[in-house]
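Contents: one structure, followed by commentary.
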Amino acid sequence: MAAAVAAATWQPQEGGFKEICGLLEQQISPSSDKSQIWQQLQHYSQYPDFNNYLAFILARAEGKPVEVRQAAGLLLKNNLKTAFKSMPPTNQEYIKAELLPCLGASDRQIRSTSGTIISVLVQLGGVLGWPELLLSLVKCLDSNDLTHMEGAMDALSKICEDIPQVLDAENPGSSERPIDVFLPRLLQLFQSPHASLRKLALGSVNQYIMLMPPVLYMSMDTYLQGLFVLANDPSSEVRKLVCSAFVQLIEVRPSFLEPHLRNVIEYMLQVNKDSDDEVSLEACEFWSAYCEAPLPPEILRAYLPRLIPVLLSNMAYAEDDESLLDAEEDGSLPDRDQDLKPRFHSSRFHGSDDADDDDDIVNIWNLRKCSAAALDIISNVFGDEILPTLMPFVQAKLSTSDDASWKEREAAVLALGAIAEGCINGLYPHLSEIVAFLIPLLDDKFPLIRSISCWTLSRFSKFIVQGIGHPEGHEQFEKVLTGLLRRILDNNKRVQEAACSAFATLEEEAADELGPRLEIILQHLMCAFGKYQRRNLRIVYDAIGTLADAVGGELNQPKYLEILMPPLIAKWQQLSNSDKDLFPLLECFTSIAQALGSGFSQFSQPVFQRCLDIIHTQQLAKVDPVTAGVQFDKEFVVCSLDLLSGLTEGLGSGIESLVSQSNLRDLLLQCCMDDGADIRQSAFALLGDLARVCPIHLRPRLAEFLEVASKQLNTPKLKETISVANNACWAIGELAIKVNQEISPVVMTVISCLVPILQHAEGLNKSLIENSAITLGRLASVCPELVSPHMEHFMQAWCIALAMIRDDIEKEDAFRGLCAMVKVNPSGALSSLVFLCRAIASWHEIRSEELHNEVSQVLLGYKQMLKNGAWEQCMSALEPPVKERLSKYKV
């Protein structure tokens with residue numbers, strides 16, 4: 001009723017109506033001055049009923065062109081996103097009331113625009129406050145009038161796609177949720193004669209697979225029957241949605257499909273060869289999803305002889321694949337800005353389980369890649385048993401030599417690379433034949449065969465390196481190495497990219513073996529550095545950085561530095577502080593600085609100063625981009641902080657003279673307080689690195705560094721910023737062992753943050769647990785009298801964490817803290833003695849004789865303290881291997 005009243009009271013003024021229509025007409029005209037019209041529209045936005053005019057034009061301006069009415073609707077949609085909640089209620093009701101009749105508008109564009117606006121309003125205010133909408137949607141769906149049904153389905157499908165949970169919310173005063181009303185109608189529409197309705201209905205139901213509301217759970221049989229009926233729909237868009245439903249179901253609710261698995265697999269095999277590539281791509285996702293679901297592999301095993309040839313034939317390049325055009329591109333042509341794909345620098349991380357940074361460059365996902373990924377996963381599940389089916393096809397494709405079948409040969413090489421991991425046991429005896437076959441393909445006339453051969457060789461690189469010990473293996477490694485270096489200097493950009501990436505993988509595996517070949521490798525890489533265009537230069541930087549990581553100090557020889565450094569320094573001087581091409585160069589220098597150690601000191605001063613300048617400029621740009629002359633970009637700060645960490649690690653105490661004459665301390669504190677998690681993560685990594693080598697320069701602001709570091713451990717969003725917490729925790733521990741008693745003011749604050757982390761370890765990453773255990777031990781070793789009174793609260797959880805840490809210097813520090821606390825408060829560990837013994841038994845060998853003796857004293861002390869069989873009782877609770885290991889401590 002209120003809506004009707006509101007609708008009746010507001011009327012547009014003729015003048016306003018004409019002016020706004022005129023502006024909208026200009027806005028859609030290609031020759032108009034867009035910025036001037038935009039300013040005028042902004043001016044009209046000041047008027048409280050401007051959006052009413054837009055709704056009126058969309059809904060009622062019958063005499064105006066559809067494009068003008070649609071432009072009014074799109075402007076209304078954008079305005080509502082920011083202005084709806086602050087509008088007078090009468091205007092809100094007016095707009096809602098005008099939109100509902102548009103669901104049945106005769107023009108499809110008006111219906112579609114109205115559906116989009118309705119979805120935005122539902123996002124802003126839900127559906128429960130707009131009962132007229134639900135009634136209108138139901139009425140249109142039940143009307144049997146195609147126009148009304150399509151209009152309602154368009155709006156409903158957008159709501160289901162953008163905010164499905166809104167329809168699955170409880171309705172106060174009713175036992176029904178909105179989805180309970182709509183789902184039976186949607187399932188009914190699966191049988192509609194109109195493809196548009198079948199598509200929208202199926203797409204809408206699919207949005208609820210993840211949420212699985214009770215009504216869908218109860219209707220699962222009807223839904224599955226509907227999917228089987230639609231499986232061979234004449235509309236390819238409907239078939240694609242059927243595939244998508246099966247893929248989602250197998251990921252989320254595999255148990256529902258289990259009784260029908262054979263039928264579903266049969267269907268997926270059929271549509272994996274669909275004439276529409278988008279349908280076959282959606283179907284192809286099913287195989288990886290099946291292998292990752294908790295389903296019996298033997299059901300799929302029976303279909304492998306039919307599935308593998310389908311995957312293989314889909315792995316050949318399609319005629320319209322963008323890569324075929326790219327492959328023609330000459331390496332001497334400069335890259336355009338749009339060729340440069342986004343790159344992601346991952347901030348420095350201190351700990352054991354650093355994320356696997358398999359940075360596959362952002363590429364278009366297509367049937368070829370999806371089929372290769374499926375074959376990869378299948379080979380990991382079924383291993384060598386797929387070889388008898390697969391290899392005859394691969395061999396047949398590889399044996400062709402005519403130009404017309406090059407795509408078949410290329411697909412066969414891709415298949416070999418895809419199964420390199422999963423089928424290695426079966427392939428290993430034939431590895432030398434495979435490599436001998438691939439090496440000549442590095443010189444094939446077709447660039448995409450050259451590039452895929454690089455990738456496939458890189459997939460076998462681990463096993464190629466393993467064979468270096470015997471003469472044939474050594475010769476093979478040499479051939480692969482020189483073959484890839486030859487391709488690094490290819491004239492084709494795609495081949496350059498593949499060869500450089502493959503070489504970086506080989507470097508990681510070969511490490512020490514690269515030493516004798518360093519000169520020739522550097523000559524090739526620096527030649528590529530002079531030859532490549534911007535995009536591929538990034539990959540050369542990566543290969544140089546990986547080389548430095550692999551060979552370490554071996555690089556620190558004048559003959560190598562003369563080849564490596566001058567071109568890099570020339571590039572460093574050529575790039576401005578705001579040029580994004582600086583990122584990969586900063587990363588590359590980070591690896592070189594760490595590898596060269598003190599050998600980098602001749603280059604360190606300008607590099608150090610420039611990092612500080614970049615950080616300073618970016619901090620200014622954050623508050624005042626005009627004065628700074630650049631737009632803020634956090635990557636500049638993160639890369640600069642990480643390079644400073646690399647310098648600190650490489651130069652060690654040699655960095656002190658640079659730090660002492662700079663404002664690094666103040667800049668770093670500011671970065672530790674930045675609101676960007678990536679910046680804080682790298683800042684705390686640098687703080688820890690500096691604490692190790694020149695803590696004296698941190699002392700003047702030590703209290704502030706400690707306070708801001710401990711804040712990172714005590715945040716409700718710990719799981720979202722876990723890497724920041726991890727580095728902050730590690731940095732506190734590094735500071736503690738350097739500044740000793742000066743840390744005492746924050747010890748208890750930090751301990752109170754570390755204990756909950758150790759007590760609720762599940763769901764947190766391994767590295768944070770380890771760093772928390774080590775830092776707690778380091779604080780205890782420095783201030784045992786402060787920490788030991790609280791031992792019994794954390795001893796058990798702490799000992800469990802200590803037992804997981806591998807032997808190293810940091811673990812020694814933690815155990816020094818344990819021994820120091822037990823000396824002060826031996827009874828504090830009594831209730832956790834079994835856990836203490838297990839933690840001690842986790843050592844393979846304590847290298848420090850002094851610590852070994854302290855640990856022996858702790859055990860002996862408890863043995864003497866526990867009388868009347870209590871010690872023996874404790875020992876009997878331990879597992880035999882634990883007792884075995886404790887015997888070396890003479891207890």
Side-chain angles (χ1 to χ4, degrees), residues 312 315-317 321 323-324 326-329 331 360-361 363 368-369 371-373 375-376 379 390-391 393-424 427-428 430-465 467 473 475-510 521 524 528 536 539-540 543:
L312 225 101
M315 279 158 67
Y317 275 109
D321 193 304
S323 302
L324 297 179
D326 288 353
E328 302 312 313
E329 203 177 343
D360 189 16
I361 300 161
N363 276 323
R368 162 191 162 79
K369 290 175 186 166
S371 304
L375 184 60
D376 181 354
S379 76
L390 177 73
M391 288 315 284
F393 287 104
V394 169
Q395 282 159 334
K397 286 174 189 287
L398 288 176
S399 61
T400 61
S401 54
D402 57 308
D403 284 3
S405 52
W406 77 265
K407 289 182 193 157
E408 299 293 310
R409 285 199 295 286
E410 195 278 345
V413 177
L414 170 61
L416 276 176
I419 62 168
E421 201 179 275
C423 300
I424 190 60
L427 295 174
Y428 197 74
H430 311 285
L431 185 61
S432 55
E433 298 154 55
I434 293 170
V435 174
F437 186 85
L438 290 170
I439 286 173
L441 294 182
L442 290 173
D443 298 303
D444 197 275
K445 70 187 255 193
F446 290 99
L448 290 172
I449 289 188
R450 300 201 296 276
S451 64
I452 199 66
S453 303
C454 292
W455 178 76
T456 294
L457 279 168
S458 79
R459 293 273 291 175
F460 286 105
S461 55
K462 179 175 166 185
F463 309 103
I464 293 168
V465 170
E475 189 186 340
Q476 187 177 45
F477 172 72
E478 288 287 351
K479 283 183 177 164
V480 172
L481 184 91
T482 50
L484 289 176
L485 287 174
R486 207 165 53 243
R487 286 292 60 82
I488 282 176
L489 300 182
D490 202 291
N491 285 327
N492 181 283
K493 289 184 182 178
R494 274 296 294 269
V495 181
Q496 293 170 356
E497 181 181 7
C500 244
S501 298
F503 192 71
T505 306
L506 185 70
E507 288 176 326
E508 284 177 358
E509 296 295 347
I521 292 171
H524 277 78
N536 282 351
I539 306 167
V540 185

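By convention here, the first residue in the shown sequence is residue 1. Keep in mind the model is a prediction, meaning the values are calculated, not measured.
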Determine whether Leu448 and Val495 satisfy the following criterion, side-chain contact (heavy atoms from CB on, under 4.5 Å), listing intermediate values before the conclusion. CA-CA 7 Å; Leu448 290 172; Val495 181; over 6 Å; no
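- One distance of note links CD of Glu507 with OG of Ser458; it measures 12.0 Å at 0.5 Å rounding.
- Expressed to the nearest 0.5 Å, how far CG of Leu442 lies from CG of Leu438 amounts to 7.5 Å.
- Note that OG of Ser432 and CD of Glu475 are 11.0 Å apart. Values are rounded to the nearest 0.5 Å.
- Here the closest heavy-atom approach between residue Ala418 and residue Arg459 is recorded as O-NH2, 3.2 Å.
- Residues that satisfy the side chain to side chain donor-acceptor pair (under 3.5 Å) test with Glu478, not counting sequence neighbours, are Arg517.
- Residues Ile424 and Phe460 form a side-chain contact, since some pair of their non-hydrogen atoms from C-beta on lies under 4.5 Å apart.
- Thr456 contributes atom OG1, which lies 10.0 Å from atom CD1 of Ile434 (distance to the nearest 0.5 angstrom).
- In this structure, the side chains of Ile488 and Gln496 stay at 4.5 Å or more apart for every pair of heavy atoms.
- For the residue pair Glu509 and Ser461, the shortest heavy atom distance occurs at CG-OG, 3.7 Å.
- Atom CE of Met315 is separated from atom CG of Leu414 by 3.5 Å, given to the nearest 0.5 angstrom.
- Contact check for Leu427 versus Phe463: no side-chain heavy atoms found under the 4.5 Å cut-off.
- In this view, Arg487 and Asp443, Asp490 satisfy the side chain to side chain donor-acceptor pair (under 3.5 Å) rule, not counting sequence neighbours.
- A donor-acceptor pair under 3.5 Å links the side-chain atoms of Thr400 to the main chain of Lys397, judged by distance alone.
- The minimum heavy-atom distance between Asn536 and Glu497, with the atom names listed, is OD1-CB, 3.7 Å.
- Counting only heavy atoms from C-beta outward, the side chains of Val394 and Ile419 never approach each other to under 4.5 Å.
- A distance-only check finds a donor-acceptor pair linking the side chain of Thr505 to the backbone of Ser501 [under 3.5 Å].
- None of Thr482, Val435, Ile464 except one satisfies the side-chain contact (heavy atoms from CB on, under 4.5 Å) rule with Phe477; the exception is Ile464.
- Taking OG from Ser451 and CZ from Arg494, the interatomic distance works out to 5.0 Å, rounded to the nearest 0.5 Å.
- By the side-chain contact (heavy atoms from CB on, under 4.5 Å) test, Ile449 pairs with Trp406, Arg409, Glu410, Leu441, Asp444, Phe446, Ser453, sequence neighbours left out.
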